[in-house]
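Taking it in order: structure first as structure tokens, then the write-up.
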Amino acid sequence: MKNERYNAREAEPRWQRIWDEREIFKTKNDDPRPKYYVLEMFPYPSGRIHMGHVRNYTMGDVVARYMRARGHNVLHPMGWDAFGMPAENAAMANKVHPKAWTYENIAAMKAQLKSMGLSLDWSREVATCDPSYYHHQQKMFLDFWKAGLVERKTSKVNWDPVDQTVLANEQVIDGRGWRSGAPVEQRELTQWFFKITAYSEELLSALDTLNRWPEKVRVMQKNWIGKSEGLLVRFMLTPGAPGDIDEVEVFTTRHDTLFGASFIAIAPDHPLATAAAERDPRVAAFIEECRRHGTAQEVIEKAEKLGVDTGLRAIHPFDPKWELPVYVANFILMDYGTGAVFGCPAHDQRDLDFARKYGLPVVPVVVPEGADLKKFEIGTEAYDGDGLLANSRFLDGKTVEAAKEDVARRLEGETRGNRAVAQRRIQFRLRDWGISRQRYWGCPIPAIHCKTHGAVPVPVRDLPVELPEDVEFDRPGNPLDRHPTWKNVRCPICNEPARRETDTMDTFVDSSWYFLRFTAPQAKTPTDSKAEQYWMPVDQYIGGVEHAILHLLYSRFFTRAMKATGHAHVDEPFEGLFTQGMVVHETYEKKDGTFASPAEVRLEADGDKRRATLLAGGEEVAIGPIEKMSKSKRNTVDPDDILSTYGADTARWFMLSDSPPDRDVIWTEEGVQGSYRFVQRLYRLANDLADLAAPVGTPRPSSYGPAALAVRKSAHAALARVSDDVERLRFNRCVAHIYEMANALGAAVADARSAKKVAADLAAAFREAGEILIRLVEPMMPHLAEECWETLGHKTLVAEEAWPTVERELLVEETITLPVQVNGKKRADVTIARDAAQPEVEAAVLALEPVQRALEGRRPKRIIVVPQRIVNVVA
RNA sequence: GCCGACGUGGCGGAACGGUAGACGCAUGGGACUUAAAAUCCCUUGGGGCGGCAACGCCCCGUGCAGGUUCGACUCCUGCCGUCGGCACCA
């Protein structure tokens with residue numbers, strides 16, 4: 001027997017090399033086995049992987065390796081979400097070209113991922129910043145344009161006046177640019193949009209078909225799309241309105257409360273407000289005030305409801321004599337509905353606040369059923385519950401639903417001009433996707449601006465529009481715009497001098513279709529139809545929940561748009577989605593309020609408490625709350641340190657143990673050491689088995705004794721449970737089952753060693769159980785598994801071995817031990833034949849001494865026998 | 001404010017409506033060793049009773065209060081708390 005310890009540092013690269021050489025993870029597109037596509041969200045090449053990546057890619061690898069063993073042709077690719085601002089920031093800070101910076105990072109991170117032993121097909125690697133990738137993205141942009149899914153329009157954006165660029169909402173912190181710190185302005189800019197709203201209804205309703213998605217994510221997307229059904233109602237204005245405007249159209253979902261209306265409110269940037277401002281300086285001043293406040297999110301949330309009376313009056317659609325004042329109000333949004341509402345203070349909190357401030361009438365028109373109308377008063381809280389209509393003329397006594405229907409039908413039937421006074425409308429919260437970025441390091445938008453012909457598509461033969469490499473980052477703003485020649489082109493239609501579009505695409509575009517590109521990464525078109533039809537959809541997608549809306553919604557849209565333009569055949573890209581939890585770590589706060597990193601701290605047990613001291617100097621530091629790993633709290637752990645100290649398998653095993661995969665996992669040094677101990681234990685166990693187990697190829701004995709049978713039973717029980725739990729992605733339970741089996745097998749081995757001689761049936765059971773154990777471990781700790789497999793005498797790779805078949809009959813016991821309850825409290829156990837009939841069980845149970853004692857002479861009223869579960873004696 | 005998830009030992013967490021606490025971490029004790037490391041064995045929800053002892057037995061216990069059930073961590077109702085998402089969306 002070998003006594004040396006398992007040396008991960010030596011063994012892991014060795015096995016990685018062997019997998020590489022034999023190309024066992026290279027996937028073919030034509031293969032008779034059923035396909036399985038496993039994908040983890042590809043990383044941004046920041047330079048180093050972090051623990052979140054380790055967790056994410058370990059989970060995906062377990063699934064990939066398991067499905068491969070189950071006989072599937074598995075696609076498990078990896079690539080790089082390689083465009084984006086950090087590369088430009090690095091260029092500005094360190095004078096390196098974004099391209100060089102990005103590719104260096106990719107090389108470094110690829111090496112790190114390789115050291116994790118992931119079963120990836122690296123031959124399919126793509127980087128979104130490579131022209132061979134974004135070429136196809138530009139082609140699809142043109143196809144989408146042709147299909148009417150691209151639009152150029154003016155919209156409000158966050159503009160950083162110092163860095164001279166549009167910022168994404170996520171990059172605006174407390175109303176300031178995250179880099180410059182300058183107050184962000186709202187600017188009207190002409191931008192390129194993808195018409196995701198064309199799919200609002202589909203994207204919403206198809207959520208119901210995604211039954212292998214987390215409920216949480218579906219709900220988040222549903223709320224984001226935000227469908228509401230309501231009514232557009234046109235209110236006539238009394239004569240004297242500015243310009244030639246003679247009506248204002250509002251959107252409402254509460255048309256039942258139309259008789260509770262006491263004002264009309266319009267957004268500060270509503271055309272009617274603009275018109276009113278021209279002749280009323282008070283209105284103009286108010287609009288100006290709103291504009292100044294309008295940027296910072298926080299201000300908007302806390303702002304008081306304010307408005308100004310325009311002096312205009314609107315006429316109630318059911319009563320020509322009823323006039324309602326028209327206010328410009330700061331809480332009305334121009335980009336939802338029509339930018340105008342009718343205010344019903346009694347049943348809307350915002351309207352109530354507003355009405356109280358400006359002394360407008362508050363008339364309740366919906367009263368809870370059974371309530372007394374005379375006593376029903378609105379104080380400071382609007383009533384938004386259900387009830388019956390009141391104070392509402394012909395609607396009185398109707399339910400809310402019936403009143404809505406009545407109002408809609410009446411107003412639809414009435415016309416003014418040649419249009420109905422009202423029409424039903426389904427309104428979505430979802431907006432079109434603005435993809436223009438005034439940035440260098442992104443996919444160029446393939447368009448040319450011609451004085452005569454406007455925005456013209458770049459001809460397909462001129463694709464790709466490549467990024468120029470000779471650019472300067474010495475000033476803020478978009479280097480493409482400053483490039484001396486790049487933007488000077490000729491109009492594809494008239495050949496006159498024209499200007500190339502210098503905006504690039506939002507990087508979310510890049511990540512919206514990479515999973516499709518992986519199916520045929522070398523194809524000359526965006527996708528290869530045959531490969532795409534074979535592989536799509538992704539069977540299991542795994543990533544962080546932070547992408548629940550943006551990336552996952554954009555990808556769903558993009559896939560549909562690709563289908564519409566002939567680049568894909570599926571509607572939904574991801575059949576199964578799993579969102580994993582974060583990796584968190586406790587924090588260490590020094591006396592001066594700064595933080596120490598885990599690597600700088602020594603932890604000791606102090607009775608039942610723990611103490612943390614600095615390695616350098618010995619100062620005691622406070623053990624703080626467990627938080628998401630972050631640079632500011634310095635509670636990060638570098639995967640490289642873990643991989644070189646303990647090896648990839650230990651890191652992988654720890655990532656999978658303890659916490660359920662969808663919850664946060666707490667990274668602890670003790671936990672990692674526990675995993676490392678198990679790695680060594682398994683290695684010792686494999687070596688012991690190599691001595692005790694029957695040699696490879698020994699025929700199975702015709703029968704097994706009790707000891708051998710027990711070994712086989714525990715192995716097959718573990719096999720059944722682990723298989724089930726891998727499929728349901730419950731890796732923490734897999735880990736527990738494997739521990740259990742290793743404990744049982746270890747004990748049996750220890751017994752056998754002390755007995756000196758191993759019977760043939762036990763030796764055979766040891767071989768079988770040992771091989772099952774190693775096979776179960778392989779998806780999680782692949783290097784160790786190969787090492788142990790070799791130790792057991794195999795020349796093959798365990799990664800290429802089929803998943804063993806459970807022998808069900810081993811899981812069924814002849815005699816079983818049932819817990820026995822008396823009145824629901826456990827009092828005894830009874831061991832009885834598995835298929836014993838009810839009277840037999842009853843007799844056995846009543847004969848038990850503890851049962852008799854618990855009955856205290858009472859006669860049992862009932863005996864409930866749940867076969868193979870439990871017995872309950874009711875007295 | 002709205003939506004959602006979660007509340008179980010010292011900690012992470014197990015438990016088709018059927019023996020609550022699997023498995024791991026940590027704790028305490030012990031074996032091996034000159035010693036340490038490594039390894040192995042035992043111990044650990046709280047309280048109580050009996051026994052020299054091995055051990056046996058009883059009561060309480062899954063955020064709180066109720067309910068359904070032979071039986072509830074699990075299902076239902078109402079609270080309390082923690083976390084996450086959205087947030088003037090008419």
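A quick note: this is a predicted structure, and the numbers were derived from the prediction, not measured. Numbers restart at 1 for each chain; the letters A, B, ... are given by sequence-line order, proteins then strands.
You'll find the ring centres of Phe263(A) and Tyr358(A) outside the 6.0 Å limit. Aromatic pair Tyr739(A)/Trp653(A): ring centres closer than 6.0 Å.
Of the candidate nucleotides C40(B), A90(B), G18(B), A90(B) has the atom nearest to the side chain of Tyr336(A). Of the listed nucleotides (C23(B), G7(B), C16(B)), C16(B) has the atom at the smallest distance from the side chain of Arg869(A).
Protein atom NZ of Lys305(A) is 14 Å distant from nucleotide atom P of A90(B), rounded to whole Å.
Within 4.0 Å (heavy atoms only), Lys861(A) reaches no atom of the nucleic acid at all. Residue contacts for Gly337(A): at a heavy-atom cut-off of 4.0 Å it reaches no nucleic acid atom on any strand shown. Nucleic acid contact for Pro850(A): none, since no nucleic acid atom lies under 4.0 Å from a heavy atom of the residue. Across all strands, Ser657(A) comes closer than 4.0 Å to no nucleic acid atom at all (heavy-atom distances). Residue contacts for Val866(A): at a heavy-atom cut-off of 4.0 Å it reaches a base atom on one of the strands shown.
Of the two residues contacting RNA chain B, namely Asn823(A) and Arg681(A), the nearest-nucleotide position lying further toward the 5' end is that of Arg681(A).
Residue Arg429(A) places no side-chain atom within donor-acceptor reach of the base of C86(B), judged by atom type and a 3.5 Å distance cut-off alone.
The environment of CD in Glu849(A) is crowded: more than 12 heavy-atom neighbours from other residues, nucleotides or ligands sit within 6.0 Å.
Taking 4.5 Å as the limit, every side-chain heavy atom of Asn7(A) sits out of range of all side-chain heavy atoms of Tyr683(A).
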